[in-house]
There are 4 protein chains.
Amino acid sequence: MAGSEFGRIIRISTWGESHGPAVGVTLDGFPAGMELSQEDIQVYLDRRKPGQSRIATQRKEEDRVEILSGVFEGKTTGTPIAMMIRNKDQHSADYANIMHTYRPGHADYTYDRKYGFRDYRGGGRSSARETAGRVAAGAVCAKLLSLMGVRLSFYTAAIGDVVISRQRFDPALIGRNATNMPDSVADQEALALIEELMQRKDSAGGVVEGRITGVPAGIGDPVFDRLDACLAKALMSIGAVKAVGIGDGMFAAYLNGSQNNDVFYADDDGIIRKKTNHAGGILGGISDGSDIIVSASIKPTPSIGREQETVTDGKENTLLTIQGRHDPVIVPRAVVVCECMCAITLLDAMLVNMSAKADSVIQFYKH
Amino acid sequence: MAGSEFGRIIRISTWGESHGPAVGVTLDGFPAGMELSQEDIQVYLDRRKPGQSRIATQRKEEDRVEILSGVFEGKTTGTPIAMMIRNKDQHSADYANIMHTYRPGHADYTYDRKYGFRDYRGGGRSSARETAGRVAAGAVCAKLLSLMGVRLSFYTAAIGDVVISRQRFDPALIGRNATNMPDSVADQEALALIEELMQRKDSAGGVVEGRITGVPAGIGDPVFDRLDACLAKALMSIGAVKAVGIGDGMFAAYLNGSQNNDVFYADDDGIIRKKTNHAGGILGGISDGSDIIVSASIKPTPSIGREQETVTDGKENTLLTIQGRHDPVIVPRAVVVCECMCAITLLDAMLVNMSAKADSVIQFYKH
Amino acid sequence: MAGSEFGRIIRISTWGESHGPAVGVTLDGFPAGMELSQEDIQVYLDRRKPGQSRIATQRKEEDRVEILSGVFEGKTTGTPIAMMIRNKDQHSADYANIMHTYRPGHADYTYDRKYGFRDYRGGGRSSARETAGRVAAGAVCAKLLSLMGVRLSFYTAAIGDVVISRQRFDPALIGRNATNMPDSVADQEALALIEELMQRKDSAGGVVEGRITGVPAGIGDPVFDRLDACLAKALMSIGAVKAVGIGDGMFAAYLNGSQNNDVFYADDDGIIRKKTNHAGGILGGISDGSDIIVSASIKPTPSIGREQETVTDGKENTLLTIQGRHDPVIVPRAVVVCECMCAITLLDAMLVNMSAKADSVIQFYKH
Amino acid sequence: MAGSEFGRIIRISTWGESHGPAVGVTLDGFPAGMELSQEDIQVYLDRRKPGQSRIATQRKEEDRVEILSGVFEGKTTGTPIAMMIRNKDQHSADYANIMHTYRPGHADYTYDRKYGFRDYRGGGRSSARETAGRVAAGAVCAKLLSLMGVRLSFYTAAIGDVVISRQRFDPALIGRNATNMPDSVADQEALALIEELMQRKDSAGGVVEGRITGVPAGIGDPVFDRLDACLAKALMSIGAVKAVGIGDGMFAAYLNGSQNNDVFYADDDGIIRKKTNHAGGILGGISDGSDIIVSASIKPTPSIGREQETVTDGKENTLLTIQGRHDPVIVPRAVVVCECMCAITLLDAMLVNMSAKADSVIQFYKH
C-alpha cells in the first residue's frame, strides 16, 4: 500500500533505485498463454533509452531486460512476470556534491522529510530510472492489447512553446525523429530551441499526447475507478507530469454545451458513432467506442547546468551547480512511459469489465 | 473493486441512484474519538445544494444527512460511518423521453453498452447526485484535518471565458456569492454570461481551484501513490472534470527549468521554505510544506434546453429536447465536491504516512 | 482498509451497530442484469433469524431488508447494491450494567483498548448482528452461483460433544430442524444437551460444515489468494469461529501421504476425477472439480447467565451477571453466515478467474 | 490482484518458479531507517534450508539472498525492498516423467485447468520454493517487531501421531533439533516414525504451533480484517496447510462457555490480565494483550516414493513413480514459513492500528 503498486486485476509493482544493483517490476495477474519474448519488451525499453542525438543524456544505459519468472516455453504462465534491468553506468562519486544539498525541483528535500534520510545517488528511488520497470510491464500489456485490436499511439505534442500543427500532423513520423514529434517543421523548431537552451544551460518542458484506437464501448467503471480517473492517476504518477487532460482537456472549460456535446448518430451499418470527439472517447467514466485521447503536461527538467540558489540539509543557504549531463528536455523519452502506463490501465479495465454482465459470466462458465 | 470505493486507510464507498430511495456513503477507517454531529456534515451538503439563485436548478433537494452508524455519544467510534441522504423530489415521469434516447454528453449510451441496460431516471448512478455521498464523507475528513491544522480553500476560478483576476482575489468572498468566485468583478461578469446562456438555452464550463494550507512536508508516497497522482484521480473521478493540474499545471510545460524550479532557502527561524511555488507544494509526489495547489477543468453542463441531434437505443437517428430545468453551469456547486475529494485524499495520505519511519513506529508503541 | 470490506471484484462493505438505527451492507462489483427481489434476500435473512424454538433468543428481530440501490426494474444494474436492515427491538437500558464492565469472552475490553471507548449497547459493532449484512450480500451472490450451477449446502456438524453421524447423514433435514443438523438422532441429543445447559446457565459451541458442488476445476489463485486461504479468512472473520479446515482439515496432519493423496482417474466419459476427496476439492489453492468441503469450529456463546468474575474499565475486580436472554448455542444460526461468506468468496474467485487465459480474454472481446 | 500479494500497509509480492532463474519478493511499505543486513535475512532462510539430517531432501540449496533495492548505507529507505534468491541445483530432466502426468496431491492438474498449461519443472510456481520469498520478507518484519518488543516462537507440535507433551515442553529446544520439536522425547519418537516412513516410501504430516508474545492489546480490526482472520489467511496460504486454529482452535467447540470464557482481572499493578487464554490472545478480532496462539495443520508430503495410480493430461489412466528425493515430512521446514507469515501479518496490523484514534493522529502531527 506504500504506493509502488498499480492496477487491479493486472498489478504491477516496481522496485529499485537509480544507482542500486538493478531496477525491476513484477507484473501479476497477466493472463496465461500469450507468447512473450525478451525482445517484445526490449523494443519498448529501447524507445525509452537516451539516444545518440545531442538532446539526450550520453549516459550509456544498455537496459537489457531479464525475464526472471512467469514465462515458460515462450508463453506467459499466468503467474507473476518478474523483470529486472541491471544498473550499469554508475558514477556515484558524481553525486557527492548533492549528498547534503537539496536540488531545486527535485525530491531530495521531500524524501528527507518523509523518511529521515535518502539514497542521494542519482535521485535514488525518485529517479526517472524507476520508469524502466513501468515500460517493461507496459510492453507486455500492449502486446495483449494489440492482439485484442487495441493500438496506442503516443507522441510529443509540444516542447516548450513549439507546438505541433494539426494540419501538418503525420503519424508516420511517430518514433522516427529525436523529438518524437509527428510534424517535421515543429521537430526542427524544437531542435533549435533545445540547442539554444543547452547553450543557456537551461531546460524545457512539453506535452505528450496519446490516442488509443480500437477500444470497444463499455470499458471503465463508474464513480472512482472511471477510466479517465484511472488514466489520470497513471499519467500523473510519472515523475514530471503536472497536468493531465482527457479529450479537449482544460479547453473543454471554455466551450459551451452546444459546442462540447458530441452528437451521436447511427451510421449506415447501424453502428452508433459520434460526429465529434471532444469527450476524448470517455463518457461517465466509460469508453464510448471513439478513440481515447489523453494528454500529459511535463515540467522542464529540473537538473540544469547553471548555478542555482538552494539550501543544505543543515539548513545553510548555498549555491549549487549540478554536475554531469542531463537531458535538456525529457518529453521525447517520456512518450513511451506515458504510453505504457495507459496500456496497463486500459488492459486492466478491460479485464475488470469481463464480469460486468451476469449473462456473460453465466455464459463464460458454460463453455 | 468495481470502482465505488476510494482511499487506502480511509475508505469511502458510495452508493445510490438519482431517483432511487436514497444515496449514501460508508466511511471506513476513520479514527475514533472525534466529535461529530450531523450539523458538521450538513454545512458541507448545503454548499452543494442548488441555491435560490437563478443560476442553479430549482429542484428542491433538502439533502438531510442521516448518520446510521459509527458515531456514539457524539463521537466517532472507529467503525464504519454510514450516512444516507434520502431522495425526495422525484419526477421520474420527466424522464420518459430519454428512456430510449441517448443524451449527448451523458453516460446513457456507455452504461447501456457496459451493463446491457440502465436506470434512465435522472441519469441513475451517473447523476451528479452521487457526489452527495462524497461530500458527506469529505466533511468528516475535513473536520479532522482542521484539528490537525490543515485548511482547504476551494473556489471557482473561471466560468466560460470569465477568469478571476489574481489582483482582485479576495478570499473573504469564497462561498459568499452565487458563482463562488473570490473576485466581485468576475462574479458579475460570470452572472451576465450565465444569463445570456440561459436565454440561448446553452451552458458553460469552468475551472475550480483549490489551495490546501498547513500540510507538513513529507506527505505522499513515491511512485504510483504519489500525492499528486492520488489528487488527480480524486478530481478526475468527479463527473464533468476533463483536466487536472497541480501547481502551475499545464503551464509548467511552457516554462524553462530556471523559471519553474522553486528556490529553497532557510528562513530566519531555520525553517526550509521555497521562494516560489510553481510545483504546487508537491515534489516527487511528496508534499514540500508549501501550499498544495490544484485545479480541475469542468466541461459545460451537457443538459441544455435546445434541441439536439442524437440516436435511440434502437439505433434510430432522432432529435431530442431535454425537459426540466438544469444548471447552466455546475462549477459553483462542484467546488465543494472537489474540496471534499481532496480532503479525503489528503487525510488518507497523512494516515498512511504515520508508518513512514521505523523510529516513529517504535516510539508509537512505547507510549 | 480498516477491515469492513471483503472481496476483490465483488466487494462487500458492512456497517452498523447492534443498537444503532440500522445495520447494512453495500455490494459493489456485482454483475448487471440478474433478476433480484427483496424476497430472494429475505429467505436467507430468515434462516439467520432467532426462531420460535427454546434454543434461540426471543428478541424479535424482524430483519426486513430494504434494497436502497443497484436494482432497477427487478434486475441488478451493475452498480452498488446497498441494503439496510433497521434495528427494532432495542432495550439499551438492559446494557447499563456492562457499560463499565468487561464481559468475559467478548470484545468489550479490546475495543476500549483499540479505540479509547466503545458503543457498549449490545456489543455495538462487535455484535453478531453485523452478520446480517453479510447474509444479505451472500444471498445475492448465492443466487448468481446457482444460475451457474454451483450449490452450497451448509449445516451443523456438532453441538458441544454431539457430533452428527456420517451414516445417518440426511441432506433432506438441512434447514428443517432447530439444530440445523442433518441427522435426526444427533438433533434430539443436541436439543437435550442445550436444555441441560440452559438450566445450568451455560452454553455450548460446535462445528459448521459446508459442501459446495458444481465448482469447475481451475478456480482460485496461487500463493496468497488461494481459494482455501480466502475461504479461511472468510470463515475466521465470523465472530465466534476459532478454527477452519479444508477437506479433512486438521485430521490430514495424522494421515500418511499414501492415505491422504487423492488418486486421479479418467472416467468412462474421459473426465478426470478423484477417487477420494481428502483435499476438500482444492489443490495448490485451486479447485480440482470435486466438492469443496469446509468446516468452521465455533466457540461456546460467551454470554452466559451465571455469575462471572471480571474487571471494570476502572480496573476494579468485580462480579458480573449478564441480563437478558442469549442463545445457549449460536451454531445453528451461524450456518447461514458461513454459507454466505463462502458464496461471496467463491463467486469472487470465479469472476477473477475469467481473465486467467489470454485466449479467453481475446475471445471475450471478439463477441 | 491475482494473488501474489499480501498485506495492507506492508505489502509483499512474491514471484518465481522452482526451476526458473530465481525466486524473489518485493516488500513495500516497510518503514525507513531500520538497520538491515543480508545476514539478518540469511538466518531465517537457513532455518528453511534442507538440513544435513536424513529427514530432509539432500538438494543443496544455497539460498543466498541478494538485496536489490530499498536498503542504503545499511538502513531501510522506506522504498521497496526487493530480494532475490537464485535457483541453483536444477535438474529439469528429472521432471520429464511428470510433464504429462498429474502427481496426486499436487497442483499439476489444477494449474493446467486454470491456465491451459504449466511449468512442470519441480512444480513451477506451486513449489514450496515460493516460500523462500515469504521467509525473506518475514525476516525483515520480525526484526522490526523485535525492536518493538514482540517475539515469535514457532515449533513443531506434531509429526504424524507423535504429539509434543505440554509437560516436557522445553522452549530451549526450539530450532535445536531436526524435528523442531521442543520436547526431546517426542523428537526421538518422530525421528523413528520418519525412518519407518522412509523405508515404506511414505510420508507424514503434522502440526506447527506458534506463540507471539509482547503484542499490546488493541491490535487488529473488527469484521473482515480481524487479526485472527488475517492470520488464518496467512497460514492457509502456505501450500500444505489444511487447517488453522486460534487459541484452543477446534477444541473450543467442545467446551462450555463457563470453561472457555477467560476471566479478566486487574493485577496488583492495576494491569488488566486474563486468568486463562483459551481465546489465544484475540477477542472480537483484536488482540487482548495475552500471548497470541496459532496452529496450522499440515498435510503429509504428497511426493512419495511408492508407485501411485493417476492420470495423464491426455486422460489416460497410468501409474506414476516420482523420482528423486523428497522430504518425508515438511513440518520442521514449514515452521519458519508459518512464523514469517505471522510476522508480516502482525506488523501490518500494528502499522494499520497507528491511526485508530483521532487523538493519536493529531498528536503525531504535533511532533
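- Of all the listed residues (A:G280, A:P300, A:G249, A:G205), the one sharing the greatest number of non-hydrogen pairs under 4.5 Å with chain B is A:P300.
- For B:R134, the part lying under 4.5 angstrom from a heavy atom of chain A is the side chain only.
- The contact between A:T312 and chain B is made entirely by backbone atoms, counting heavy-atom distances below 4.5 Å.
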(message) Pair B:I322, B:L320 - check side-chain contact (heavy atoms from CB on, under 4.5 Å), show working.
(response) CA-CA 6 Å; B:I322 295 173; B:L320 170 72; 3.9 Å; yes
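- The choice from B:G245, B:A356, B:P222 that makes the most heavy-atom pairs within less than 4.5 Å of chain A is B:P222.
- Between the side chains of A:T110 and B:D288, no donor-acceptor pair of N or O atoms lies under 3.5 Å.
- Of all the listed residues (A:I12, A:L235, A:N256, A:V163), the one sharing the greatest number of non-hydrogen pairs under 4.5 Å with chain B is A:N256.
- Of the listed residues (A:M250, A:M341, A:E316), the one with the most heavy-atom contacts under 4.5 Å to chain B is A:M250.
- Taking 4.0 Å as the cut-off between side-chain N and carboxylate O, B:D269 and A:K315 do not count as a salt-bridged pair.
- Top candidate by heavy-atom pairs under 4.5 Å with chain B, chosen from A:G116, A:P302, A:S295, A:G123, is A:P302.
- Interface check for chain A: of the options B:A232, B:G247, B:P216, the most heavy-atom pairs under 4.5 Å are formed by B:A232.
- Your options are A:T131, A:I304, A:V162, A:I272, and the one with the most heavy-atom pairs under 4.5 Å with chain B is A:I272.
- With a threshold of 4.5 angstrom between heavy atoms, B:E309 approaches chain A through its backbone and through its side chain.
- Looking at B:S355, there are no atoms closer than 4.5 Å to chain A (heavy atoms on both sides), in backbone or side chain.
- Considering all non-hydrogen atoms of both residues, B:Y254 and A:G160 come closest at CD2-O, 3.1 Å.
- Interface residue A:K275: only side-chain heavy atoms are found under 4.5 Å from chain B.
- Salt bridge annotation for B:K242-A:D248: absent, with no cationic side-chain nitrogen under 4.0 angstrom from a carboxylate oxygen.
- For a residue to count as touching a neighbouring chain, one of its non-hydrogen atoms must lie under 4.5 Å from one of that chain's; by this rule A:T318 does not touch chain B.
- Between chain A and the options B:V244, B:I282, B:N260, the largest number of non-hydrogen pairs under 4.5 Å is found for B:V244.
- Using a 4.0 Å cut-off between a side-chain N of Lys or Arg and a carboxylate O of Asp or Glu, B:R11 and B:D348 do not qualify as a salt bridge.
- In the model, B:H106 has a side-chain atom that pairs as donor or acceptor with a side-chain atom of B:S303 under 3.5 Å.
- Using a 3.5 Å distance cut-off with no hydrogens or angles, the side chains of A:T276 and A:D262 do pair a donor with an acceptor.
- Contacts between A:R113 and chain B at a heavy-atom distance below 4.5 Å involve backbone atoms as well as side-chain atoms.
- Among B:S360, B:S126, B:A217, the residue making the largest number of heavy-atom pairs under 4.5 Å with chain A is B:A217.
- Using a 4.5 Å cut-off between heavy atoms, B:L231 does not touch chain A at all.
- Between B:G220 and B:L227, the shortest heavy-atom distance links the atoms CA-CB, 4.0 Å.
- Checked by atom type, the side-chain pair B:E5/B:S13 shows no donor-acceptor distance below 3.5 Å.
- A donor-acceptor pair shorter than 3.5 Å can be found between the side chains of A:T14 and A:R125.
- Of the charged side-chain nitrogens involved, at least one lies within less than 4.0 Å of a carboxylate oxygen, so that A:R306 and A:D202 count as a salt-bridged pair.
- Heavy-atom neighbours of A:F251 CZ from other residues, nucleotides or ligands within 6.0 Å: at or below the threshold of 12.
- Interface remark: A:I298 contributes backbone atoms only to the contact with chain B (heavy atom separation under 4.5 Å).
- In this structure, the portion of A:T301 lying under 4.5 Å from any heavy atom of chain B is its backbone and not its side chain.
- A:R200 touches chain B through its side chain: at least one heavy atom from C-beta onward sits under 4.5 Å away, while N, CA, C and O do not.
- Top candidate by heavy-atom pairs under 4.5 Å with chain A, chosen from B:M236, B:H278, B:Q308, is B:M236.
- Ring geometry, A:Y109 versus A:Y102: the interplanar angle exceeds 60°, so the pair is classed perpendicular (tilted spans 30 to 60°).
- Contact count against chain A (heavy-atom pairs under 4.5 Å) is highest for B:N261 among B:N261, B:L197, B:V311, B:N353.
- Between chain B and the options A:S297, A:A358, A:G285, the largest number of non-hydrogen pairs under 4.5 Å is found for A:S297.
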